[in-house]
Amino acid sequence: MMTKSRRFTALIFICLAELLVVLDNTVVNVALPTMSVDLFASVSDLQWIVDAYTLTFAGFLLTFGHLGDRFGRRRVMIIGLIGVGAMSLVGALASNLEQVIMARAAMGVFAAAVFPATLAMITNIFTDARERAIAIAAWTAMAGFAIAIGPTAGGWLLEHFSWHSVFWMNVPAALLVIVGVLLVVPESKALHVGRFDFVGTILSLLGIVILVWTIIDAPHRGWVSPFSITGYLSATVLLAAFVAWELRTDAPILNMNLFRIRRFSFPALAIAVSYFSMFGFLFLITQYFQGVREYSPLEFGIHSLPFAAAVAVGAPVATLAAQKLGTTAVMVFGLLVLSGGMFLAGQTTVETPYLGPVVISMVLMGLGLAIVQGPATDSIMSSVPLDEAGAGSAVNDTTRELGGTLGVAVIGSIVASYYTSKVAPIVDAIPDAVMSAQEKGFARESVLSVIEIRSRDISPLFEQQKDSLIYTMKAACLEGFAIASYFTVGAALITALLVALLLPWKPVTEGSILGSLATKTPK
């Protein structure tokens, strides 16, 4: 039996492992403008630097969650942490775009071994309802906080070092967490396991990877292009085969009957939509702060801190509120707050001051995400037997990644299409002597090219035209953002309606971690 102090010490290192993995998903965003210049990367290349990690991470989550349940969650986590550190070293030493993308993809594979184990080990270590509620609140807050603090951490690194530093930082961090986990975190695994579900593992891996790959690539090839349609159909067939196999096999990698439980399936949907909105918002806010407002990476990080603060405050508050009001009420409120934040963000113009609508939208987005996460995670994990905690955690994590990937792809595609239609004719009319073909291509694709255009020395005769081009680029980006914001607002509102209509509003008093905490009599 672990002492209370050791349990919470273990929680610290589990949350640090979570921080390392989630931070990798956001800190690199700040380095994208610098990478684009040093590596001559297009907007498509920049998206793949981000999405290579997301693709493999999402694809392997369910597999590693099951392997952790079977062979030991701490063992699988340690392997993942070693891999993240090693592949970060490869990324830090990379000298071209291909090496960076390969390193990011490999990091995603190993990160998938770490993340499901974090929540699964928490549910096994904290058997007391009150302590478990606190631990899950901490895990939820850390997940959101890590996503939000990435820009600040990345900005500080780029202020003092090159973009390689966003990889270097992972090496000592991984070593520290490995030592801590080995010292204080106990091993846990399922007490009863059947034969290894090799067929289910392969089907889930191929189905999820093809689906995520198609979503990522669709904005470039076309959402209804033959390639995209083939990808959708292939993923659908593979995932349908996965479901059919899991329903008939004696030892499934994922118990599909869990999706018949509304308190499992609808919270998973709410998390997916929340991350759809949040990742789309973060991808665009990067371009806003660095392209429209022309902030340095560190200034970008500092100005995004209200989002991080809102997530950190919102998660524990939502946990307390769910004890009294129930999961459904809190999730619906969180989705409404999220949609309000995205709507307000979509009203931003070039002249909009930072202090005002921009800050308020970031706070609302952060609060909305945090409010949804805690109760939804509790509901999902309370529906899963302890023997399947890793697989349940992986479902929770996979929905986040699928939602986030789709958010970047859809929102980015809408903004890019509108931006290019407005900017391309103006850029094409610029003489080649003033702007090279490569520079024109970058300017047509991204508002981040404003940084390079602004710094260029040109004849005073063209200064007015340069200012006019920069303003047009900024305005086109934000107008595209406004159109894209309506899609996320609509998705959040529809999900809020579904949750409100199809989930019971009465607080759960048995099974749920938060419900148990709410009804527990103090000793």
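These numbers come from a predicted model, not from an experiment.
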Decide whether [X] and [Y] meet the rule of one side-chain donor and one side-chain acceptor closer than 3.5 Å.
| X | Y | value |
| --- | --- | --- |
| S485 | T488 | no |
| Y275 | Q373 | yes |
| S379 | R262 | no |
| R293 | Y354 | no |

With a 6.0 Å cut-off on the ring centroids, do [X] and [Y] count as close?
| X | Y | result |
| --- | --- | --- |
| F300 | Y295 | no |
| F264 | F259 | yes |
| H164 | W168 | no |

Requested in this report: Go through the steps for L81 and L20 under the test side-chain contact (heavy atoms from CB on, under 4.5 Å), then give the verdict.
Outcome: CA-CA 9 Å; L81 289 169; L20 175 64; 3.9 Å; yes
Can a donor-acceptor pair be found, under 3.5 Å and without considering hydrogens, that links the side chain of [X] to the backbone of [Y]?
| X | Y | value |
| --- | --- | --- |
| S421 | Y418 | yes |
| E159 | W156 | no |
| S228 | V224 | no |
| T420 | A416 | yes |
| Q347 | F343 | yes |
| T152 | G301 | yes |
| S277 | V273 | yes |
| H66 | L62 | no |

Tightest non-hydrogen contact, residues T472 and V423, listed as O-CG2, 4.4 Å
Contacts under 3.5 angstrom, residues 229-240 side chains, donor-acceptor by atom type, not counting sequence neighbours:
{"unit_1": "T230", "atom_1": "OG1", "unit_2": "P226", "atom_2": "O", "d": "2.7"}
{"unit_1": "Y232", "atom_1": "OH", "unit_2": "W223", "atom_2": "O", "d": "3.2"}
{"unit_1": "S234", "atom_1": "OG", "unit_2": "T230", "atom_2": "O", "d": "2.8"}
{"unit_1": "T236", "atom_1": "OG1", "unit_2": "Y232", "atom_2": "O", "d": "2.7"}

So the salt bridge (Lys or Arg N to Asp or Glu O under 4.0 Å) pairs with at least one residue in residues 474-494 (sequence neighbours excluded) are E294-K474
Taken in chain and number order and not counting sequence neighbours, the residues that satisfy ring pair (Phe, Tyr, Trp, His ring centres under 6.0 Å) with F167 are none
Verdict with supporting geometry, I371 and L335, side-chain contact (heavy atoms from CB on, under 4.5 Å):
CA-CA 8 Å; I371 291 169; L335 288 164; over 6 Å; no
### Message
Would you say CE of M102 has more than 12 non-hydrogen atoms from neighbouring residues, nucleotides or ligands within 6.0 angstrom?
### Response
no
Between the CG atom in L16 and the CG atom in L23, the distance rounded to the nearest 0.5 Å is 11.5 Å
Check your understanding: Step by step, would you call S88 with R104 a side chain to side chain donor-acceptor pair (under 3.5 Å)?
Key -> CA-CA 8 Å; S88 295; R104 290 276 298 165; over 6 Å; no
